[in-house]
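Hydrogens, waters and symmetry mates are skipped; everything else that's a heavy atom, side chains included, is used.
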Amino acid sequence: TKGFTLIVNNTDFEKAYTNFTIRYPVTPITRDMLILFRGKTYEIQYLNNINEANIELEIQAKEVTH
């Protein structure tokens, strides 16, 4: 999420999401899964099959900070 968009929408930076775009997976990905990336863990908040083309999957995730 771009910082400018967060400011314009008066959004709390602590609620910012990280976007991951991957090739469309063979194994289904669900919101109850976690992402481990560069030593950080993320909870999946939103999944988007871009253009419903089954080519790319956009994932918005929030870092787990406990």
Rounded distance (nearest 0.5 Å) linking atom [atom1] of [X] with atom [atom2] of [Y]:
{"X": "E43", "Y": "R31", "atom1": "CD", "atom2": "CZ", "value": "10.0 Å"}
{"X": "L34", "Y": "I44", "atom1": "CG", "atom2": "CD1", "value": "7.5 Å"}
{"X": "E63", "Y": "K40", "atom1": "CD", "atom2": "NZ", "value": "4.5 Å"}
{"X": "E58", "Y": "N51", "atom1": "CD", "atom2": "CG", "value": "10.5 Å"}

For T27, all residues meeting side-chain contact (heavy atoms from CB on, under 4.5 Å), sequence neighbours excluded: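 Once residues adjacent in sequence are excluded, T27 has no partner under the side-chain contact (heavy atoms from CB on, under 4.5 Å) criterion.
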
Who pairs with Y46 by ring-ring contact (aromatic ring centres under 6.0 Å, His included), at least two apart in sequence or on another chain?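 Listed in chain order: nothing, the list is empty.
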
For I59, the option from T18, L47, T21 that meets side-chain contact (heavy atoms from CB on, under 4.5 Å):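 When T18, L47, T21 are each tested with I59, the side-chain contact (heavy atoms from CB on, under 4.5 Å) holds only for L47.
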
Does a side-chain heavy-atom distance below 4.5 Å link [X] with [Y]?
{"X": "I22", "Y": "E56", "result": "no"}
{"X": "I50", "Y": "I55", "result": "no"}
{"X": "N54", "Y": "N49", "result": "yes"}

Side-chain heavy atoms under 4.5 angstrom apart, residues restricted to Ile, Leu, Val, Met, Phe, Trp, Tyr: same cluster for V64 and M33?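 They do not share one cluster, since no chain of ILVMFWY contacts under 4.5 Å joins V64 to M33.
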
Using the ring centroid of each side chain, check whether Y17 and Y42 are separated by less than 6.0 Å.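 So the answer is no for these two rings.
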
